[in-house]
Each structure stands twice: as structure tokens, then as C-alpha cells.
Amino acid sequence: MIAVTGGGTGGHLKVAKALMDELHNRGQSAVFIGSNNGADRAWFQDDKNIKEKFFLDTAGVVNQGFFGKIKSLWNIVKAVNKCNDIFIDYDVEKVISVGGYSAAPASFATLFSKAKLYIHEQNSVMGRLNSLSAKFAAKVYSSYDENSSVKDYPVAKEFFEEGRVRTGVKTIIFLGGSQGALAINDYALKMAPKLNAQNIKIIHQAGKNDFKRVKEAYEHLDIDADVFDFTTNLIGKMKQADFAVSRSGASTLWELCATGLPALFIPYPYAAGDHQFFNAKFLANDGLAYVYRQKDLHDFDLLKVIHNDENIHSMSKALVDVIMIDGVELLINDILGDE
């Protein structure tokens, strides 16, 4: 039996979902171990492809006061014992961690069991938990590490299937995530009149926290933009677009690559270890993306970039070759084949 652990945020959970779906497609039983906090339960509570799900009372340790840290650490210790019981009851031999505080108990529980630990690190800068658990892991996988035995990021096949090579920009998509990104929203509204004047269509994920303001702002500007807070068809929205302005969380970055969608990345400035900047820089160093600091965004000449059809075409064509469609399969093959 294999256990998949981790989560808390969508980036971690997307990878967990892709891995468990692949295991299910191969007839392999898997259990999921996550947390009652974060989005873990919402993602997997009703997932019938998983043999069993466990949501433990754990929370992050970072950004808490002294007593909050003590409480979180104590809950993790208790959860480690629970994970050991799960490993025994379900005869777990391998544990795949996708990171996030949800992964802490099951990762550390492998120290006290026969189960081997495998880590998928999503970001270019390794998170604190993964840095600790990597010391006793059987293998660590990363798209940014040349020594990783599998470098292709586990992106859902639908992104590849809906991908295409862009030849110019007729539609632009602004992606602030389901929670929204105020800086991206404000930048989109600033650029909207100029884009509209050149008949460039706008798709805008404003996020639930800023949706009303952004929607009303477009109406005030008399611009017919496709504004939404959350959608289950983000792939379809990406398919329509020819250029993206986005944060650079790992999952979003590699999904844009899979769809062949060139992008301006605006890293979240408070991400741990500044990992969003280094995620985007990994592509920008090869001329496959633009990356600008949020505080310098007013200096970026978006119109000049999107009117360079030759560059848009070459970037899009190269992005398609940056990531292979079989990343999930290769990852599971490597784990299952490791003795």
C-alpha cells in the first residue's frame, strides 16, 4: 500500500491529486493523510479513487507565537503516532510527500516504521519541512534539480491536451488565484483601457476577496471583460488566452508551460525563501518567461511585449518542449520500481 501525504494549499494538493489518480488508474490502492486545516478535506473528502482518507488535527508551526508553536508541535507528535497506526493497519510500504505542514506527521512517522519516504518538492527553493525530511528520504524529486531522477512536473494531462502554440496575442489572461492578488488586479485595471483600445480581449481571475470591486471597475470602464473569482474550467480559460500575467507558484507555472502559454510572472513578494521569484527565474533565464518584481511593475512595457508576435511564437513553441506529458507516470514508475 502507498500513502500520499501533504497539502494545505492548492499547489501541494494538485500534485497529490495527480499522483493518487495515477495510482488508481494502475489499480494501486492508496490512502491519503492530510490535515483538518487548510483545503485538504475539501479536495479529497468525496474522492472515490482513494481507499481511505485521514485528516489529522495539525497546523503549521511557522508564523505562530511561542505557545502556538508548542501546541502545533505537540499535535504533530500525536499525529505521528496516529500515522504509525495507519501504516500498520494498511500495510503501508511507501509514503509520497508533496510538502506542506499536512505532510509532517506521516513524513516523520517513516522514521519509526518500515515505510520508505519519497518527496516531491514543487518549488525551486526547498521548503523547511522537506529540507528536514530529505535527510532520511529514499528519493527527492524536483523539476529544478538536475540530479533528480524525474524532472517533469506532474501536471494533469488536460493541460497538455488543451495546449497550443501561440502566434500572436488577441486575448490576455490575468491570474491572481482563487483568493485574488491585489497587485495583479490593480495592474490589470490600469492596463485594461489600453488593451481594450487595441481590441485585445481580457480574461481576469480576480479572486473571491476582490471580485466585486474588479467586476464593477470593468463595468465603469465599459469594458466587456470575462471576470470571475473561481472556476472549475481554468484549463478552458487558459486555452482561450495567448498571454498570461500571473503569480509564479509552481503548479500554475508548469500548467502554463504545458499549455504553451507565455507569461509575465509577478512573484508573491512574501513567499517563503522568495521561492516564487526563483521558480519564474528558472524559465526567464532561458528566455521562456518574463519576471518582474511587484514593486517595479509600473515599469514593465506590457504592450511592447505582447505586440512582438515573433517572440510570442518562439516562446510558446519552446514552452511546449519544456515539460513532458508523462511526468506523473514517470514519477510513479520510479517510486514503484524502487526496491
Side-chain angles (χ1 to χ4, degrees), residues 1-35 38-56 82-100 102-110 113-122 129-130 133-134 137-143 148-161 235 250-251 254-255 258 323-339:
M1 178 76 72
I2 291 178
V4 177
T5 187
T9 60
H12 297 297
L13 292 164
K14 283 181 182 179
V15 175
K17 172 68 173 169
L19 294 171
M20 287 187 291
D21 283 349
E22 176 64 19
L23 288 167
H24 173 76
N25 292 339
R26 297 187 185 205
Q28 291 276 345
S29 293
V31 297
F32 174 74
I33 303 174
S35 173
D40 303 12
R41 185 180 289 275
W43 272 66
F44 296 125
Q45 177 67 62
D46 300 321
D47 194 322
K48 293 180 171 54
N49 289 348
I50 307 170
K51 184 174 182 63
E52 191 59 80
K53 312 106 178 176
F54 299 93
F55 303 100
L56 309 178
K82 173 64 176 175
C83 289
N84 275 322
D85 292 338
I86 294 169
F87 293 173
I88 293 170
D89 292 343
Y90 289 86
D91 194 25
V92 173
E93 296 180 343
K94 296 181 178 182
V95 176
I96 309 174
S97 167
V98 299
S102 303
S107 296
F108 289 121
T110 61
S113 75
K114 66 177 182 179
K116 297 169 70 173
L117 177 64
Y118 300 83
I119 296 173
H120 183 271
E121 171 57 57
Q122 283 96 62
L129 171 64
N130 284 352
S133 53
K139 287 190 176 184
V140 178
Y141 303 97
S142 170
S143 297
S148 176
S149 55
V150 178
K151 289 186 280 293
D152 289 306
Y153 198 92
V155 173
K157 288 185 177 180
E158 290 82 358
F159 287 95
F160 296 94
E161 292 165 355
I235 299 173
S251 289
W254 291 109
E255 287 165 359
I323 179 172
M324 298 294 104
I325 193 171
D326 55 357
V328 181
E329 291 94 328
L330 292 174
L331 199 62
I332 294 299
N333 282 347
D334 201 65
I335 292 171
L336 294 179
D338 187 45
E339 298 299 334

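What you see is a predicted model, and the numbers here were worked out from it, not measured in a lab.
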Legend entry - Flag, side chain of R26 to backbone of E329, donor-acceptor distance under 3.5 Å: yes
Inset, instruction - Show the numbers, then the answer: is there a side chain to side chain contact (heavy atoms under 4.5 Å, CB included) between L336 and I2? - result: CA-CA 9 Å; L336 294 179; I2 291 178; 3.4 Å; yes
Legend entry - NZ (K116) with more than 12 external heavy atoms under 6.0 Å: yes
Inset, instruction - Of all the heavy-atom pairs spanning K94 and I335, show the shortest one and how long it is. - result: NZ-O, 2.6 Å
Inset, instruction - First locate atom OH of Y141, then atom OG of S149, and finally report the distance between them rounded to the nearest 0.5 Å. - result: 4.5 Å
Inset, instruction - Report the residues that fulfil ring pair (Phe, Tyr, Trp, His ring centres under 6.0 Å) with F55, sequence neighbours left out, ordered by chain and then residue number. - result: none
Inset, instruction - Hey, could you give me the OG/NE2 distance between S143 and H120, rounded to the nearest 0.5 Å? - result: 5.0 Å
Inset, instruction - Flag yes if more than 12 heavy atoms outside K139 fall under 6.0 Å of its NZ atom; otherwise flag no. - result: yes
Inset, instruction - Please round to the nearest 0.5 Å and tell me the distance separating atom OG of S148 and atom CG of L331. - result: 8.0 Å
Inset, instruction - Verify, without hydrogens or angle tests, whether S97 (side chain) and I119 (backbone) share a donor-acceptor contact under 3.5 angstrom. - result: no
Legend entry - Salt-bridge present (D47, K17; N to O < 4.0 Å): yes
Legend entry - Carboxylate-amine/guanidinium proximity below 4.0 Å for K114 and D91: yes
Legend entry - Side chain to side chain, Y153 and V15, heavy atoms closer than 4.5 Å: yes
Legend entry - CD1 on I86 to CG on L56, rounded to 0.5 Å: 5.5 Å
Legend entry - Nearest heavy-atom neighbours spanning I33 and C83: CG2-SG, 4.0 Å
Inset, instruction - Write down the atom of T5, the atom of A106, and the distance for their closest heavy-atom approach. - result: OG1-CB, 3.7 Å
Inset, instruction - State, yes or no, whether a side-chain contact exists between I50 and V4 at a heavy-atom distance under 4.5 Å. - result: no
Legend entry - Gap between atom CG of D21 and atom CG of N49 - 0.5 Å precision: 5.5 Å
Inset, instruction - Check for a donor-acceptor pair, side chain of S102 on one end and backbone N or O of G34 on the other, with a separation under 3.5 Å. - result: no
Inset, instruction - Flag the pair F160 / M324 as yes when at least one side-chain heavy-atom distance between them is below 4.5 Å, and no otherwise. - result: no
Legend entry - Distance, nearest 0.5 Å, that separates NZ of K53 from CZ of R41: 10.0 Å
Inset, instruction - Evaluate the side chain to side chain contact (heavy atoms under 4.5 Å, CB included) criterion for residues I332 and I96: first the C-alpha distance (whole Å), next the side-chain angles of each, then the deciding distance (0.1 Å), finally the verdict. - result: CA-CA 10 Å; I332 294 299; I96 309 174; 4.2 Å; yes
Legend entry - Q122 side chain to V98 backbone, donor-acceptor under 3.5 Å: yes
Inset, instruction - Would you confirm whether the ring centroid of Y90 sits within less than 6.0 angstrom of the ring centroid of F54? - result: yes
Legend entry - Closest non-hydrogen atom pair between A103 and S107, with its separation: O-OG, 2.7 Å
Inset, instruction - For residues G6 and D40, report the shortest heavy-atom separation together with the two atoms involved. - result: O-OD2, 3.9 Å
Inset, instruction - Answer with yes or no whether the side chains of Y118 and D334 bring together a donor and an acceptor at under 3.5 Å. - result: no
Inset, instruction - Work out which heavy atom in V328 is nearest to a heavy atom in A18; give both atom names and the distance. - result: CG1-O, 3.5 Å
